[in-house]
Amino acid sequence: MKSKKRNKSIKIRLTVDEFNTLNERVALTGLSREEYVRSLMKMEIPPSLPSPDMIETIKQLRLIGNNINQLAVIAYKTGSIDIMKYKNDYERLQNQILKIITLINQPTKLEEIKNGNNKDMGS
């Protein structure tokens, strides 16, 4: 098996505006410039880091889910609430959180941008 060691490099000249644009887009992703360019070579635009609001929303959803779970435990012990309904709601909540995280982290294929289906330009 061939080594995946990265021992080849290239030098590219950019204008100040091009360099600034590249740095701005890279900063939104949390990647290095090299990783950002490698993603572009795979015909993918890396997703932006989630905003602080999105991170807080996910945190709150998880807290709500934990509360639902605690209510379900109490309801099960006391027999006063339909435990299956709350268990299903809790699982649905967790699935929605996973979907949000997946969507946030999904790169945009360059073909989607070319065809006008741009969800995120990485900027």
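The chain is numbered in sequence order, starting from 1.
One distance of note links CG of L22 with CG of D17; it measures 12.5 Å at 0.5 Å rounding. To the nearest 0.5 Å, atom CZ of residue R62 and atom CG of residue N69 are 13.0 Å apart. Atom CG of residue L71 and atom OH of residue Y90 lie 12.0 Å apart, to the nearest 0.5 angstrom. Interatomic distance, Q60 CD to I97 CD1, rounded to the nearest 0.5 Å: 10.5 Å. Distance check: L14 CG to N20 CG gives 10.0 Å after rounding to the nearest 0.5 Å. From I101, atom CD1 reaches atom CD1 of I55 across 10.5 Å, with rounding to the nearest 0.5 Å.
Criterion: ILVMFWY side-chain heavy atoms under 4.5 Å apart, direct or through other members. Under it, V37 and V26 are not part of a common hydrophobic cluster. By the criterion of side-chain heavy atoms lying less than 4.5 angstrom apart, applied directly or through intervening Ile, Leu, Val, Met, Phe, Trp or Tyr residues, I64 is not grouped with V73; the two fall into different hydrophobic clusters. Note: the hydrophobic cluster containing M41 does not contain Y36 (ILVMFWY, side chain heavy atoms under 4.5 Å, direct or indirect links).
Evaluation of the salt bridge (charged side-chain N to carboxylate O under 4.0 Å, His left out) rule for R92 yields D89 as partners, not counting sequence neighbours.
The two residues R13 and E18 come nearest to each other via the heavy atoms O-OE1, 4.5 Å. Of all heavy-atom pairs between L61 and L93, the closest is O-CD2, 3.4 Å. Considering every non-hydrogen atom in both I100 and M54, the closest pair reads CG2-SD, 3.8 Å. Pairing each heavy atom of S39 with each of L31, the nearest pair is OG-CD1, 4.3 Å.
Of the possible polar contacts, one joining the N95 side chain to the E91 backbone as a donor-acceptor pair under 3.5 Å is found.
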Query - L49/T29 under side chain to side chain contact (heavy atoms under 4.5 Å, CB included): CA gap, chis, key distance, verdict - result: CA-CA 5 Å; L49 292 171; T29 66; 5.6 Å; no

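Counting non-hydrogen atoms of neighbouring residues, nucleotides and ligands closer than 6.0 angstrom, the CZ atom of R38 exceeds 12 such neighbours.
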